[in-house]
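Take a look at the structure set out below.
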Number of protein chains: 2
Amino acid sequence: MDISNILDQIHLLPEQSKLELQNNISEIAFPKGHILLKANKIEFNIYFIKKGLVRAFIERDNEVTFWFGKEGETVISMKSYVEDQPGYENIELLEDCELYELKTENLRKLFHEDVHIANWGRKFAEKELIKTEERLISRQFKNASERYLELMKDHPEIIKRVQLGHIASYLGITQVSLSRIRAELK
Amino acid sequence: MDISNILDQIHLLPEQSKLELQNNISEIAFPKGHILLKANKIEFNIYFIKKGLVRAFIERDNEVTFWFGKEGETVISMKSYVEDQPGYENIELLEDCELYELKTENLRKLFHEDVHIANWGRKFAEKELIKTEERLISRQFKNASERYLELMKDHPEIIKRVQLGHIASYLGITQVSLSRIRAELK
DNA sequence: TAGATTTTTTATCATTTGTTAAATTTTTTC
DNA sequence: GAAAAAATTTAACAAATGATAAAAAATCTA
């Protein structure tokens with residue numbers, strides 16, 4: 001997905017502001033397995049996914065995946081972006097990826113210079129918030145097999161492209177449990 | 001908590017912008033039990049809590065509480081605010097409340113007129129996002145009794161001021177289960 | 001303050017999910 | 001395409017949580 005579409009999809013911008021923003025964005029590619037963002041480290045860039053698939057995970061005793069990002073989505077350490085604090089997430093590329101890179105510092109400057117870009121940034125956070133809120137509620141309402149069915153319905157491509165262990169951990173259950181759920185659905 | 005502090009706490013504003021915002025805010029009070037926002041309805045106001053305590057819940061077979069708001073916090077139907085869509089939450093006052101009221105429509109106008117207010121709105125969404133993300137992760141990492149201990153540590157006043165059934169549902173377990181967990185902690 | 005109502009706890013049994021280990025299937029590599 | 005490695009499924013048992021009902025405690029109300 002092309003950068004112009006990605007930016008528009010977040011919030012429409014006047015041509016001039018959009019060019020301003022695009023002037024600060026460059027392209028970069030990494031292979032499958034690359035760790036794009038590291039936990040406990042302040043990150044200075046955000047990325048938009050042109051092509052490929054990534055996951056965010058936290059390391060404790062075990063790894064817990066809590067987000068998948070695909071074409072058109074934004075890869076960001078919210079803690080770094082919002083609070084200048086080290087974030088808790090690692091971002092691993094699950095496929096070879098083509099990315100658009102934007103320095104947080106430059107984006108911040110634009111936020112204060114251009115009201116349209118400030119509102120674009122506001123919309124970005126608001127939309128991410130809605131998605132996160134919906135996941136939290138799904139978590140509170142639904143049991144594991146309902147959450148799996150929901151994922152199949154809303155993001156079938158994730159299930160095709162990602163290995164089961166990551167999906168299980170995203171759903172908040174063990175891989176064995178997910179395997180059992182899949183067996184019951186047959 | 002006074003409106004000036006509430007606004008500052010979200011993001012500092014130049015005096016002029018802050019006055020502009022405050023000019024659009026009025027005070028209002030409701031008794032315990034009042035339903036401030038209704039599910040499946042587009043809401044036109046947002047509120048800041050001067051005094052009191054509220055909860056957000058969703059109604060299905062049973063009620064599920066998914067948020068508590070106290071002094072200084074913002075009451076908002078994110079779906080209405082962001083997407084002009086009916087939201088899923090009901091907001092019930094758990095205590096008599098004094099509130100500051102702001103029309104979404106007026107806030108939107110200010111977002112486009114004043115870059116400082118646009119950035120204030122951006123910060124608001126970003127901070128809410130961080131909080132929601134942390135709750136989602138806590139949910140994924142911790143079992144019910146760990147989540148209860150976390151709530152006791154981070155928000156002890158919630159446990160004092162809210163009845164157990166609501167807390168249990170907020171933690172994603174039944175009241176009986178929470179009672180059992182509390183018994184084991186003794 | 002007594003009785004009624006609401007909230008919280010306890011008990012019992014059922015269901016879901018976790019843990020560990022082994023078997024099977026799929027994918028990768030040479 | 002055979003061997004090795006990785007991913008997925010199955011099985012058996014343990015632990016956590018749910019459901020229902022009843023008892024106990026706390027709160028409200030007249």
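Chain letters run A, B, ... following the sequence lines, proteins first and then strands; every chain starts at 1.
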A:I159 CD1 to D:dA7 P, in whole Å, measures 18 Å

Residues at least two apart in sequence or cross-chain that pass side-chain hydrogen bond (donor to acceptor under 3.5 Å, both in side chains) with A:E95, listed by chain then number, are A:R161

The side-chain hydrogen bond (donor to acceptor under 3.5 Å, both in side chains) partners of B:K18 (sequence neighbours excluded) come to B:S4, B:D8

query = Any Lys/Arg nitrogen of B:K131 or B:E128 sitting under 4.0 Å from an Asp/Glu carboxylate oxygen of the other?
reply = yes

Closest to the side chain of B:T174, out of D:dG18, D:dT8, C:dT19, is D:dG18

Separation of C:dT7 atom P from B:L94 atom CG, nearest Å, is 11 Å

Check this one for me: any side-chain N or O of A:S179 less than 4.0 Å away from OP1 or OP2 of D:dT8?
no

B:N143 atom CG is separated from C:dT19 atom P, nearest whole Å, by 10 Å

Taken to the nearest whole Å, CD/B:E146 to C1'/D:dA15 is 14 Å

Rounded to whole Å, the CD-C1' distance (B:Q175 to D:dG18) equals 13 Å

Whole-Å distance, B:I181 CD1 to D:dT17 C1', equals 8 Å

Of B:G165 and B:R180, the one whose closest nucleotide on DNA chain C sits nearer the 5' end is B:G165

The answer to which of B:V176 and B:K32 contacts DNA chain D further toward the 5' end, by nearest nucleotide, is B:V176

note: A:R182, atom CZ; C:dT25, atom C1'; distance rounded to Å ~ 12 Å

Rounded to whole Å, CD of B:Q163 lies from P of C:dT9 at a distance of 12 Å

Between the CZ atom in A:F124 and the CD1 atom in A:I117, the distance rounded to the nearest 0.5 Å is 14.5 Å

